[in-house]
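Numbers restart at 1 for each chain; the letters A, B, ... are given by sequence-line order, proteins then strands.
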Protein chains: 2
Amino acid sequence: MPDNAAPGPVVTADHVAEAAGVSRWTVARAFKQDASISPRSREKVMAAAKKLGYAPDLLAASLASDRSHLVALVTNDFNNPHKLVLLERLTRILWSHGWGTLLVNMSESEDASAALLAASQRRVDAAVMIGTRFDDRVLDTALGARRVKKLVVFARYSSNPNTLTISCDDRLAMREIADHLLKKGYLRPAFIAGPDTQSAKLHRLDSFLGYWAQRTGTAVRAQHARRYDFNAAIETVNALLDSEPADQLPDVLVCENDILAIGATEALRHRPGGPQRIAVTGFDDIPLAAAPSYHLTTYRQPITAMCENLLDVLAGPQKEDVFLPGKLIERGT
Amino acid sequence: MPDNAAPGPVVTADHVAEAAGVSRWTVARAFKQDASISPRSREKVMAAAKKLGYAPDLLAASLASDRSHLVALVTNDFNNPHKLVLLERLTRILWSHGWGTLLVNMSESEDASAALLAASQRRVDAAVMIGTRFDDRVLDTALGARRVKKLVVFARYSSNPNTLTISCDDRLAMREIADHLLKKGYLRPAFIAGPDTQSAKLHRLDSFLGYWAQRTGTAVRAQHARRYDFNAAIETVNALLDSEPADQLPDVLVCENDILAIGATEALRHRPGGPQRIAVTGFDDIPLAAAPSYHLTTYRQPITAMCENLLDVLAGPQKEDVFLPGKLIERGT
DNA sequence: ACTCTGCTTGCACGCGCGTGCAATAATTAT
DNA sequence: ATAATTATTGCACGCGCGTGCAAGCAGAGT
């Protein structure tokens, strides 16, 4: 905390330099992590800086160094509370390591290029698509057109070779869920999927179907919701149940995420013919999943580990795609 | 869309100038809204810019002009899905008007000064505290120490004179809710409040109590939750109900926001002695409030109007605090 | 005392663009 | 046709700091 705030003109490194009796560059060194500077000079500088209330101007630093320490967080799905968890973790961890986060909303267009252009005009060091639907093809043009140095796909998959994926291991996750269901004696699961599955941004559907077939030799029925929200899930579940004879109903609904799972629970609970006793599983472990009314068995993504991987990616040169194991959260199912 | 992406060196205004056969400053003018430039030059410049894939560097522009067109969105409550609605609306509207949004997480410290310092180092033109709890006293030191040019408190109240408040009109809202309840014949409301009320960041509690007393002459019991989340609400409601004789239970729980309301509903539904038939109202109209299981009567804040007011504040000189009317959403209650 | 090594400091130059004014070209008035 | 206006364009300077190198300095070795 500065001893006396200088409400007048902005304090620059020059002022500090003068006050400390050193050159401007020594001031810069004092603020740099492992710069060659004597402890004595650093102390002098820091004292002067504190007195004047100086803090380096990151904007000017960005321009000079060509590294902004800014990353764009790009999203287009603001309906899912899980986004909030991701945002909280990402912003907290990134800021604590010196990265600023620009939040970019691409829900208007479904077109990443506009969002990435905007981000690149701010000179971000990287753009992170967090849990977003997007067109894999536009990424190339967006990358080529403007200098987005790194493009990370977070909590989703992309097969674009210019992109880096950091995600939960969906295949493993679905196998764990399937194993859990088999152990509990369920025999006829149905899968409630969302729109992302269709463009292979998530591998939950095919992983589950494949593994279930492998273990039981039976096929699983899947139904797609139009959007990731309660109401779409309710419609979808009703359509599913309406289309099956009463004696062939599924005994568990495996949902691509918690939003769909909660919608599914709602649908089952308010069926025209009275509540249905069908189990439900979700994915993400949003706070509501733990509420007594749902008590949802779900799967928690390793968000902190994913964020730490992101830090590595930001720091170093391009690395390989990362798929991390999450954790099955057993509740009511 | 650039005709052919230039993957090599970054395209600057100089390159465009050369390609268009004009000076660099004419290029700048072509991109400026109402600059004095002939239509012909602008066309030439735009054509060249398109061909080269040029877009102005906002970072350099910020440094040169001392206006970054960046605003910091500061938050510390990532548990409430309503934040996501606010963030979506704010980012969409601000970006579409040329403002970049820096998302700053201050959930670590409860201390705005660290967050504001970080923001100021990025030279934001304004910081917006969105629905945050904060210590009113630190704002001054934070403002003084570093140049945060404008500080806006969004969806909360602040009495700090150096701050601008843009919020829903809580007083009016609670009166509407009270009127609605009276019309429906409720007689014994209880108020479930959160921690913010204690520091007067919200006026919902006292507004409701005051107005109810004025209209009925009876006092309303209030109970505070420790945090804004389901579980805290569940505890709080159970404590409230346990402390009252069975024949003096409230007939409606008026909750400070939807999170508390949903927790309250959960608590009532899972009471040890069986479900309680007590009505619940909320505030914010989060998506879940519309789910069939809750079908919550609640109050929708005028977010879009609030965002447009924010735009005015960002564009012009400091204005006056703004309190906008929202809308009662009548559902199950 | 002198040289060599390694540590510390100073500095010229540039990052890409905005501002304000001066110079030039296009237009209109006389 | 010439002068008076106005529309358009060019330019020097600076925003605050990083980079890479060269100069300065202290201690170790001989």
If I take atom CG from residue B:L103 and atom CZ from residue A:R92, how far apart are they, to the nearest 0.5 angstrom? 12.5 Å
Any luck finding a side-chain donor-acceptor pair between B:N105 and A:T91 under 3.5 Å? yes
Is there a donor in the side chain of B:N160 and an acceptor in the side chain of B:S158, or the other way round, less than 3.5 Å apart?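 There is no such pair (donor and acceptor under 3.5 Å, judged by atom type) between the side chains of B:N160 and B:S158.
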Can you tell me which residue among B:L84, B:N79, B:L86 is in a side-chain contact (heavy atoms from CB on, under 4.5 Å) with B:H82?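 Testing B:H82 for a side-chain contact (heavy atoms from CB on, under 4.5 Å) against B:L84, B:N79, B:L86 leaves exactly one candidate, B:L86.
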Taking only Lys NZ, Arg NE, NH1 and NH2, and the carboxylate oxygens of Asp or Glu, determine whether B:K83 and B:D77 approach each other closer than 4.0 Å.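 Yes, charged N to carboxylate O under 4.0 Å.
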SB check B:D57 A:R122 (cutoff 4.0 Å): no
Distance-only donor-acceptor hits, side chain of residues 303-314 of chain B, under 3.5 Å, sequence neighbours excluded:
unit_1 : atom_1 : unit_2 : atom_2 : d
B:T304 : OG1    : B:R89  : NH1    : 2.7
B:N309 : ND2    : B:A305 : O      : 3.3

Spell out protein contact along nucleotides 16-25 of chain D as letters: B when the base is contacted, S when just the sugar-phosphate is, - when no protein heavy atom is under 4.0 Å; keep the 5' to 3' order. BBBBB-----
In residues 40-48 of chain A, what residues come within less than 4.0 Å of DNA chain D, judged by heavy atoms?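 Residues of residues 40-48 of chain A that come under 4.0 Å of DNA chain D do not exist, since none gets that close.
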